Amino acid sequence: MSGLEFFVGHYAYWFVVALLVLGLYGMIVKRNFVKKLIGMTIFQVAVIIFFISSAVKKGATIPIADKAVGTAESGLYVNPLQHTLMLTAIVVGVATAGVGYALLVTIFRRFRTLNEPELMERMRREREAAEKQGNDA
Amino acid sequence: MKVANFAALALFAGLLIYAASGLPNRGDPTAVLHRDTSPAGTPSAPSYYIRNAYKDAATPNMVTVILADYRGFDTMGEETVIFAAGLACLLILRRKRKNPQGEIEP
Amino acid sequence: MHWELEVTLFIFLVAAALLALESRNLLTAVVSLTVFSFLSALLYVAMGAVDVGFTEAVVGGGVSGVLFVVTIFKTTRTCRD
Amino acid sequence: MRDYESDDIVILVSRTLSPFIMLFALYVIFHGHYSPGGGFQGGTMLAAAVILIRLAAGMDIAQLQFPRALGMPLGAVGVLIYFGTGVAAMLGGGSFLDYAYLPLPGAAAALRSLGILFVEVGVGLAVVGILVSIYDDLLESGER
């Protein structure tokens, strides 16, 4: 297999790698929690694109049984198993992202910031104040 | 700190590219995933679903049949996860108010 | 299944992701994320996954964006990175 | 979201659109056997129609359409419909979630199709209840 053929035959995977790296970049380099959640969403979409693109077959049609095509030959339909798994993953993703938003709102209500270093600083100061109060009492 | 982050990203990208080089070509109908029998010789699940979904459940949409019938336990657990997420939101964000005695009640 | 369409959508997808990650205004970032979700829904349909594309269009373009905007209205609208 | 005043035209347009979105969502749920669609998509569209009224008219007016206390019970009812379909198959003599043994008349394939419909309705109810409940919780939480 030549190098060009290998590169062109895998083109979807290179874009998926780019999206995965972008999502991870948002999660570990950005300091704002909303940006971290956006990075998590991009990572999730990249994983879903990887699964869907592994289900593609050349010359196949969408997985809805058609009388004109018939169901005897399994090569005529796209692989439906990955579609099912990713369908549930998307809906579970939005429900768990809702829990993430709830945590963000709670953090902002308590500490008035969404920046990670500032949040750590304020938590440390609050803990020291509590310890000092405990020592005095 | 910054340098360590970007080194980790580069390492991740290199690992992914190395892993992707072992995958079959995209859309190849003869890949292991799309064959009728697995390498161990047993019939593989996706081609079984494609052949028998309409016969078993009288429903043309194969994704619906797999979602609700063949893999019904999966969807049931997933719905329970959604319910648990809604419950977690309710418990995190519910406003606590004080009654006249000063006790916190839900 | 049509590689020209897929490559075009992939390029716009990466651009939308970069815009969502790099903008200073969080509302701009969330709107870019909604654009990202719609583009990925088109991509799923182009790959033959009609159910997944439908779900992503409804969830990512409808409910998820609304929840994100409510979160930003409840917290802060700008960020430093 | 108290930063803006609700506008008459926006309320009129969203009141006109919301029933049609709901009708299409019901079509998506019940026609999911033959075309792309099903419980998840239809439930999310129903939730979008409910949230549209909440965005346009505010929480107080939207209580008349879908009360705030209805979200979590509706989700619980959806989960119970799913479990109940499985238990009904057990009562008919089969194993859990084996729809061919539902205690109804008909051939095995038709019974499976019917069981899939019950399950999709349960999933749709759970999704609409939970998503509206998450939106309400986020909106009602604390001061800005």
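In the text below, chain A, chain B and the rest are named by the order of the sequence lines, each starting its count at 1. Small disclaimer: the values here were computed from a predicted structure and weren't measured.
Looking only at heavy-atom pairs under 4.5 Å with chain A, the residue among B:G86, B:P24, B:A8, B:A45 that has the most is B:P24. Most heavy-atom pairs under 4.5 Å with chain A, from the set B:I82, B:D74, B:I66: that is B:I66. When each of A:P63, A:A72, A:G98 is checked for heavy-atom pairs under 4.5 Å with chain B, A:P63 comes out on top. Highest contact tally toward chain A, considering only B:D28, B:L9, B:D36, is held by B:L9 [criterion: heavy-atom pairs under 4.5 Å].
Atoms OH and CD1, on A:Y101 and B:I92 in that order, are 14.0 Å from each other to the nearest 0.5 Å. Rounded to the nearest 0.5 angstrom, A:F6 CZ and B:N25 CG are separated by 8.5 Å. Atom-to-atom distance recorded for B:M62:CE and A:T84:OG1 is 11.0 Å, nearest 0.5 angstrom. Atom NZ of A:K58 sits about 9.5 Å away from atom OG1 of B:T30, to the nearest 0.5 Å. Interatomic distance, CD1 of B:I50 versus CD of A:E73, reported as 10.0 Å (0.5 Å rounding). Atom CZ of residue B:F12 and atom CD1 of residue A:I28 lie 9.5 Å apart, to the nearest 0.5 angstrom.
Using a 4.5 Å cut-off between heavy atoms, A:V21 touches chain B through backbone and side chain atoms alike. For a residue to count as touching a neighbouring chain, one of its non-hydrogen atoms must lie under 4.5 Å from one of that chain's; by this rule B:Y70 does not touch chain A. Proximity to chain A is absent for every atom of B:T59, based on heavy atoms less than 4.5 angstrom apart. Heavy-atom distances place the backbone of A:A55, and not its side chain, under 4.5 Å from chain B. Proximity to chain A (any heavy atom under 4.5 Å) is shown, for B:V63, by both the backbone and the side chain. Of the atoms belonging to B:N52, not a single heavy atom falls under 4.5 Å from chain A. Looking at B:R71, only its side chain comes within 4.5 Å of chain A, counting heavy atoms on both sides. For B:A13, the parts lying under 4.5 angstrom from a heavy atom of chain A are both the backbone and the side chain. For a residue to count as touching a neighbouring chain, one of its non-hydrogen atoms must lie under 4.5 Å from one of that chain's; by this rule B:K55 does not touch chain A. Heavy atoms of B:N61 lying under 4.5 Å from chain A belong to its backbone as well as its side chain. Interface remark: A:Y25 contributes backbone and side-chain atoms alike to the contact with chain B (heavy atom separation under 4.5 Å).
A:N79 has its side chain within reach of B:H34: a pair of non-hydrogen atoms, C-beta onward, lies under 4.5 Å apart. Using a 4.5 Å cut-off on side-chain heavy atoms (C-beta onward), A:W14 and B:I17 make contact. The closest side-chain heavy-atom distance from A:Q82 to B:L33 is below 4.5 Å. When side chains are defined from C-beta on, B:Y54 counts as touching A:K67, because their heavy atoms get closer than 4.5 Å.
Enclosure of atom CD in A:E128 by more than 12 non-hydrogen atoms of other residues, nucleotides or ligands within 6.0 angstrom is indicated. By the 6.0 Å contact criterion, CZ on A:F51 is open, its count of non-hydrogen atoms from other residues, nucleotides or ligands being 12 or less.
Scanning for side-chain hydrogen bond (donor to acceptor under 3.5 Å, both in side chains) contacts around B:S44 gives B:S47, with sequence neighbours left out.
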Stepwise side chain to side chain contact (heavy atoms under 4.5 Å, CB included) check, A:V16 with B:L16: CA-CA 10 Å; A:V16 167; B:L16 284 177; over 6 Å; no
Side chain to side chain contact (heavy atoms under 4.5 Å, CB included) evaluation trace for B:L23 with A:F50: CA-CA 12 Å; B:L23 291 171; A:F50 172 72; 3.9 Å; yes
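Within residues 87-95 of chain A, the residues having any heavy atom under 4.5 Å from a heavy atom of chain B are, by residue number, A:L87, A:T88, A:V91, A:V92, A:A95.
The shortest heavy-atom contact between B:R51 and A:S74 is NH2-OG, 3.6 Å.
Checking side-chain atoms of B:R26 against main-chain N and O of A:G9 turns up no donor-acceptor pair under 3.5 Å.
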